[in-house]
Amino acid sequence: MAKQRTRSKVKLTEKREHSFFGDVLKYFDHAAQFLDHDPALMEQIKYCNSVYRMRFPVKNDEGNIEVIEAYRVEHSHHRQPTKGGIRYSIHVEQDEVMALAALMTYKCALVDVPFGGAKGGIKVSPRLCSVSMLERITRRYTTELVKKNFIGPGIDVPAPDYGSGEREMAWMADTYATFYPTDLNSIACVTGKPISHGGISGRREATGLGVFYGVRHACSYKEDMDKLGLEVGLEGKRIAIQGMGNVGYWAAKFFHDGGAKIIAVSEWDGSIYKEDGINPDELLKYKQETNGILGFPGSVDLEGGPGAALEVECDILIPAALENQVNSDNAHNIKCKILAEAANGPVTPEAEQVLLKKGVLLIPDIFINAGGVSVSYFEWLKNLSHVRFGRMEKRYRATMNRNILDAIETASGTKVGEESLGLINKGADERDLVYSGLEETMINAYDNIRNRMMETKGIEDLRTAAFVEAIDKVAISYQHLGIWP
Ligand code: NAD
């Protein structure tokens, strides 16, 4: 492919060809035919419970007033609190936030996180805003949520999403605490906070790590890999990733460290390709220095802008930017064998039909990007219990393991080697426990979805199976509330 020297025009997202929430409703309706719940109950689950659209004034850096549009949508209150990230993007709109809130409900159900689904959005471009303006907007947004009872450790707990991160969560927690200074649990009003401010080790990388665990497990089924003409395992698999933000970078890093090759990456300025593999850490450093990825040493800039990386021939494609990226315009050009939806809604229903016909194994967003909410759940538990995971038992475990080893060495008369000693002679710290809890979560959830697909006549794809599994769990939860028989 020819080398493209000029940066492509910034074009962060196309206008959707249809409603995103409409897509989620379509998936719901398709899954509903495989379930036998009361139609009224299905109606209750399907739509959003509370939609809060707000407009508030904020003084900009020049001293002028700007009116900011923002949203918080709580999709389902079958479990409380509700949970979901806050998106900072100039493209935020109500339909999108409603869709993302609904996906959160199903995601939480799939990974057995006891929350209802929610999502927030602020119509602002973080890249074009000063830090002080972003802080004023975030604090005012939190105040609006407090005023309408849309935030609280037992009510609704936001987290980061596209365009937001630890810094924004710390501002939110701090603003909330000024309204409830005597609430011992106030720090649990948001997750994804910096560790110094009540966060948890492993949350930053959680979504990317969850993508890695989920895909690695999918690649362990020999009969599924045989169908795709792939070897079992990740070693040497060729991967293309769209988006080098939080989710994309961490996913790239774990796949790279796990033996796969990152052959193509795209960002807002374009796509790059390197057959013998891109080092994600070097690319991240280059991106931070140049504010883009084009021209990354040793790689080729692809023609076709940010969309080009999606169309390279690869084993695993990971869209990790935004929704609507694989649509009816480019679905026919996609040449991957596995597509893992790290972003929310990156593939439209029309494109999905094209991919399924081609035999692509499509691993749906409501499962594969659930690592973030899983570890958010651990953070929320940590905040409510007011103690770091591992603090009470780490040393005890290490001593116990040492004692067992000593007894075995004495009885057998042989010494354990240095390398094994290092692995055995330790207790688990917070990060070890978070990684282990996340790995268990992703493996369990994948097996449940896959089993549902294998056992239900008529279900032939993982998305349908995931929706059936999730809706069934939400319905059962409602039934246990005693409202439905
Ligand atoms: P982020 O803002 O950290 O990163 C997104 C990256 O994508 C940015 O670097 C941006 O420049 C890039 N990008 C934007 N448009 C692009 C395009 N057309 N082509 C290539 N790159 C483009 O956001 P994130 O937190 O990584 O979220 C990414 C996706 O993952 C979103 O769909 C989000 O809803 C989903 N998600 C995030 C989390 C989380 O924990 N952060 C959890 C679950 C799902």
Side-chain angles (χ1 to χ4, degrees), residues 7-14 20 83-92 96-97 99-101 103-104 107-108 111 113 117 119-121 125-128 158-169 190-192 199 202-211 214 240-252 264-272 283-284 287-288 291-294 302 304-311 317-327 330 340-347 364-377 379 438:
R7 286 176 192 269
S8 60
K9 275 185 120 183
V10 181
K11 199 168 161 196
L12 289 186
T13 174
E14 300 288 341
F20 188 6
K83 186 96 193 72
I86 300 176
R87 182 166 284 200
Y88 286 50
S89 160
I90 205 65
H91 301 288
V92 159
E96 176 191 54
V97 186
L100 293 166
L103 292 179
M104 282 304 296
K107 201 176 293 184
C108 291
V111 290
V113 161
K119 202 80 181 186
S125 174
R127 286 199 300 124
L128 304 178
D161 190 64
Y162 183 91
S164 61
E166 292 175 10
R167 180 184 64 183
E168 287 73 17
M169 297 307 111
V190 287
T191 58
R203 173 60 183 89
R204 195 177 290 166
E205 63 266 38
T207 307
L209 180 59
V211 172
I241 299 193
Q242 184 197 37
M244 263 280 132
N246 174 289
V247 178
Y249 161 71
W250 284 106
V265 171
S266 75
E267 250 298 327
W268 65 274
D269 60 333
S271 304
I272 59 169
L283 181 61
L284 183 69
K287 184 185 155 218
Q288 283 160 349
N291 194 27
I293 59 166
L294 289 183
L302 294 178
L310 296 170
E311 300 182 13
L317 175 62
I318 304 181
L322 282 169
E323 60 268 19
N324 194 29
Q325 297 302 303
V326 180
N327 49 44
N330 61 359
E341 293 186 321
N344 284 306
V347 178
D365 48 5
I366 53 172
F367 157 67
I368 201 67
N369 70 32
V373 74
S374 302
V375 176
S376 274
Y377 169 51
E379 179 177 333
L438 178 58

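As the structure is a prediction and not an experimental result, all values here were calculated from the model. Order of appearance sets the numbers: ligands from 1, and atoms from 1 within every ligand.
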Just go through [options] and tell me whose heavy atom is the nearest to [atom].
atom                    : options                : value
atom 3 (O) of ligand 1  : Asn246, Asn324, Asn291 : Asn246
atom 26 (O) of ligand 1 : Val247, Val265, Asn369 : Val247
atom 28 (C) of ligand 1 : Gly248, Gly192, Ala321 : Ala321

Judged by non-hydrogen atoms, does [X] sit under 4.0 Å from ligand 1?
X      : result
Gly85  : no
Arg87  : yes
Lys287 : yes
Glu205 : no

Whether [X] side chain and [Y] backbone form a donor-acceptor pair below 3.5 Å:
X      : Y      : result
Glu168 : Gly165 : yes
Ser266 : Gln242 : no
Asn246 : Arg204 : yes
Ser125 : Ser89  : no
Asp365 : Gly345 : yes
Glu96  : Phe20  : no

Which of the atoms in ligand 1, numbered in the order shown and given with their element, are less than 4.0 Å from a heavy-atom of [X]?
X      : value
Ser266 : 19 (N), 20 (C), 21 (N)
Gln325 : 18 (N)
Gly243 : 7 (O), 20 (C), 21 (N)

Checklist entry - For ligand 1, does Ala309 get within less than 4.0 Å through its side chain, its backbone, both, or neither, judged by non-hydrogen atoms? => result neither

Checklist entry - Taking heavy atoms and a distance under 4.0 Å, where does Ala159 meet ligand 1: side chain, backbone, both or neither? => result neither

Checklist entry - Rounded to the nearest 0.5 Å, how far apart are CG of Leu438 and CZ of Arg203? => result 10.0 Å

Next on the checklist: Nearest 0.5 Å, please: how far is CG in Leu294 from CG in Leu302?
Outcome noted: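 Those atoms lie 9.0 Å apart.
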
Check whether any N or O atom of [X], backbone or side chain, sits under 3.5 Å from an N or O atom of ligand 1, and answer yes or no.
X      : value
Thr207 : yes
Gly163 : yes
Lys107 : no

Item to check | Residue pair Leu128 / Ile90, side-chain heavy-atom distance below 4.5 Å | outcome: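 Heavy-atom side-chain distance check fails, nothing below 4.5 Å.
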
Checklist entry - Hey, does Val375 have a side-chain heavy atom less than 4.5 Å from the side chain of Glu205? => result no

